[in-house]
Amino acid sequence: MASEENNTNNGSESPAAAAADNSGKANANEEKIQGEGGRKIALITGITGQDGSYLTEFLLKKGYEVHGLIRRSSNFNTHRLNHIYIDPHNSQKALMKLHYADLTDASSLRRWIDSILPDEIYNLAAQSHVAVSFEIPDYTADVVATGALRLLEALRSHVSATGRSHIRYYQAGSSEMFGSTPPPQSESTPFHPRSPYAAAKCAAHWFTVNYREAYGVFACNGILFNHESPRRGENFVTRKITRAVGRIKVGLQSRLFLGNLQASRDWGFAGDYVEAMWLMLQQDQPDDYVVATEESHTVQEFLELAFGSVGLNWHDHVVIDKRYFRPAEVDNLKGDSSKARRVLGWKPRVGFEQLVKMMVDEDIELAKREKVLVDAGYMDAQQQP
């Protein structure tokens, strides 16, 4: 369910992946899961992704018990959670638990909601790569749009059967839903999606609104503008850039292939944005909110800042490749998050320059470690030329 790419299977099971196996086996023969010591229980889909890992950290600090749904895969994709993993046999401390499920499997969604008895559900899972959605539109729609519908219906059915009407639901929206609509974009701005991913997110948004209005579900849409971090998948443009900066700086790479450098985005820090998700579910009434920095920067500006921070000139390394242009481009996304700031009391803490530096610094250190392995003959520095 996570949107990011998996780690390579090195023949040994990651601790967090093992947690899913252990909790899955245990719960097959045990009674329903209950929150320890009256803790709130959160259920997160897409927990292994960038946002899922930051949200898990945030909720654990708030005293929650966190359950995540992950897809079974022969390649482990739990690396973003390993630093907070505690063996489930240590029941007093293991407050993050993983379970196998999938947004394409309605029965697994209903089964885990019935077992976990969550107080809050955060639907972050998606095939979230815009360019890839043009290559696999059917799958994207099935996971992003119909997957959200399956989860909402599982929630509605659970509430109907148990009377647990206090459960609150968060749906992860996207600024891509606005598409070609001119900025600034707010909650009242019309959607004009320009990709299968964006169209699927629009459907998920309106499914959420419908279940709120038709069944009284406390369901919120968070329309989050681009949010990045050192945990961003390496096939997303921001991380692709900072990863290349690190490798070029230490001599493992010389060129970086990119598409449209004039696309402009409202980029924030993912760690800031998960707080907004949580705040939405703490309100008296459910509603929809745009979450954004209200600043817009081009890909070229990101390049200049990232390369310049380590004394490099991006012109010497960047090559434009038409394969990275979308069939339908989204030129400019810039959010109006005044409602979230006013109602939720939320505002971003990390600015654009600080975000870029944070990502570059992390990827410089990653490249240095990678170079040690390359120099020792344990790794081949292939990737890009």
Side-chain angles (χ1 to χ4, degrees), residues 33-47 49-69 84 95-97 113 116-125 148 151-152 154-156 158-159 162-175 186-187 204-205 207-213 215-225 227 229 268-294 335-350:
I33 301 166
Q34 299 290 340
E36 297 287 345
R39 296 176 182 272
K40 275 191 174 182
I41 299 177
L43 174 62
I44 303 175
T45 71
I47 194 172
Q50 169 189 252
D51 295 2
S53 66
Y54 280 114
L55 179 61
T56 298
E57 288 176 341
F58 179 87
L59 293 176
L60 289 175
K61 289 177 181 177
K62 290 285 185 183
Y64 280 65
E65 180 178 317
V66 178
H67 293 258
L69 302 185
I84 53 176
L95 297 177
M96 178 194 74
K97 301 171 185 178
I113 291 176
I116 294 167
L117 301 176
D119 301 298
E120 297 173 2
I121 298 175
Y122 296 85
N123 185 27
L124 311 184
L151 187 57
L152 283 162
L155 169 58
R156 184 203 65 78
H158 170 80
V159 171
T162 65
R164 300 182 68 248
S165 58
H166 72 283
I167 304 175
R168 300 187 170 196
Y169 175 93
Y170 171 83
Q171 171 63 37
S174 170
S175 59
S186 71
E187 294 83 3
H205 175 97
F207 285 144
T208 302
V209 172
N210 178 248
Y211 271 67
R212 183 170 69 210
E213 296 177 348
Y215 303 113
V217 175
F218 192 109
C220 299
N221 284 295
I223 308 173
L224 274 57
F225 279 65
H227 43 291
S229 77
F269 173 52
D272 289 342
Y273 284 40
V274 298
E275 181 184 16
M277 301 177 188
W278 176 77
L279 285 169
M280 292 178 203
L281 299 194
Q282 312 314 309
Q283 304 307 304
D284 292 334
Q285 298 296 327
D287 208 343
D288 307 323
Y289 299 89
V290 162
V291 179
T293 69
E294 301 187 343
D336 173 2
S337 58
S338 56
K339 178 179 175 181
R341 297 176 190 233
R342 182 183 71 255
V343 177
L344 305 179
W346 176 89
K347 64 179 180 179
R349 296 182 178 90
V350 178

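Reckoned from all heavy atoms, side chains included, excluding hydrogens, waters and symmetry mates.
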Exercise for review: Only counting residues at least two apart or in another chain, list the ones meeting side chain to side chain donor-acceptor pair (under 3.5 Å) with W346.
Suggested key: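 If we apply the side chain to side chain donor-acceptor pair (under 3.5 Å) test to W346, skipping adjacent residues, there are no hits.
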Point to revise | D287: partners by side chain to side chain donor-acceptor pair (under 3.5 Å), with sequence neighbours left out | key: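 Testing D287 for side chain to side chain donor-acceptor pair (under 3.5 Å), a comparison that skips the adjacent residues, returns K339.
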Min side-chain heavy-atom separation [X]-[Y] under 4.5 Å:
X	Y	answer
K62	K40	no
H67	I41	yes
V66	I47	yes

Quick check against the 3.5 Å criterion: does [X] have a side-chain atom that pairs as donor or acceptor with the backbone of [Y]?
X	Y	result
Q50	H227	yes
S337	V291	no
R39	L95	no
T45	A125	yes
E187	V290	yes
N221	H205	yes
R341	K347	no
Q282	W278	yes
R212	V217	no
R168	L281	yes

Please round to the nearest 0.5 Å and tell me the distance separating atom [atom1] of [X] and atom [atom2] of [Y].
X	Y	atom1	atom2	value
L152	Y211	CG	OH	6.5 Å
L69	Y122	CG	OH	14.5 Å
M280	Q285	CE	CD	16.0 Å
I223	S186	CD1	OG	8.5 Å
D51	Y273	CG	OH	10.5 Å

Check your understanding: D119: what forms a salt bridge (charged side-chain N to carboxylate O under 4.0 Å, His left out) with it, not counting sequence neighbours?
Key ->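 Once residues adjacent in sequence are excluded, the partners of D119 under the salt bridge (charged side-chain N to carboxylate O under 4.0 Å, His left out) criterion are R164.
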Where is the tightest heavy-atom contact between [X] and [Y], given as atom of each residue plus distance?
X	Y	result
A340	Y289	CA-CD2, 4.0 Å
L279	L344	CD1-O, 3.7 Å
H166	P118	NE2-O, 4.5 Å
S229	A270	CB-CB, 4.3 Å
I113	L43	CG1-CD2, 3.9 Å
G268	T293	CA-CG2, 3.6 Å

**Study point:** is_close_aromatic(Y54, F269), centroid dist under 6.0 Å
**Key:**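 Yes, ring centres under 6.0 Å apart.
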Review point. Between H158 and L117, does a side-chain contact (heavy atoms from CB on, under 4.5 Å) hold up when you go through it step by step?
Key: CA-CA 9 Å; H158 170 80; L117 301 176; 3.7 Å; yes
Exercise for review: Sort out for me which residue in L224, L59, I44 forms a side-chain contact (heavy atoms from CB on, under 4.5 Å) with M277.
Suggested key: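 Considering L224, L59, I44, a side-chain contact (heavy atoms from CB on, under 4.5 Å) with M277 is found only for L224.
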Check your understanding: Looking just at side-chain N and O atoms, do Y169 and E120 make a donor-acceptor pair shorter than 3.5 Å?
Key ->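 No - no donor-acceptor pair under 3.5 Å links their side chains.
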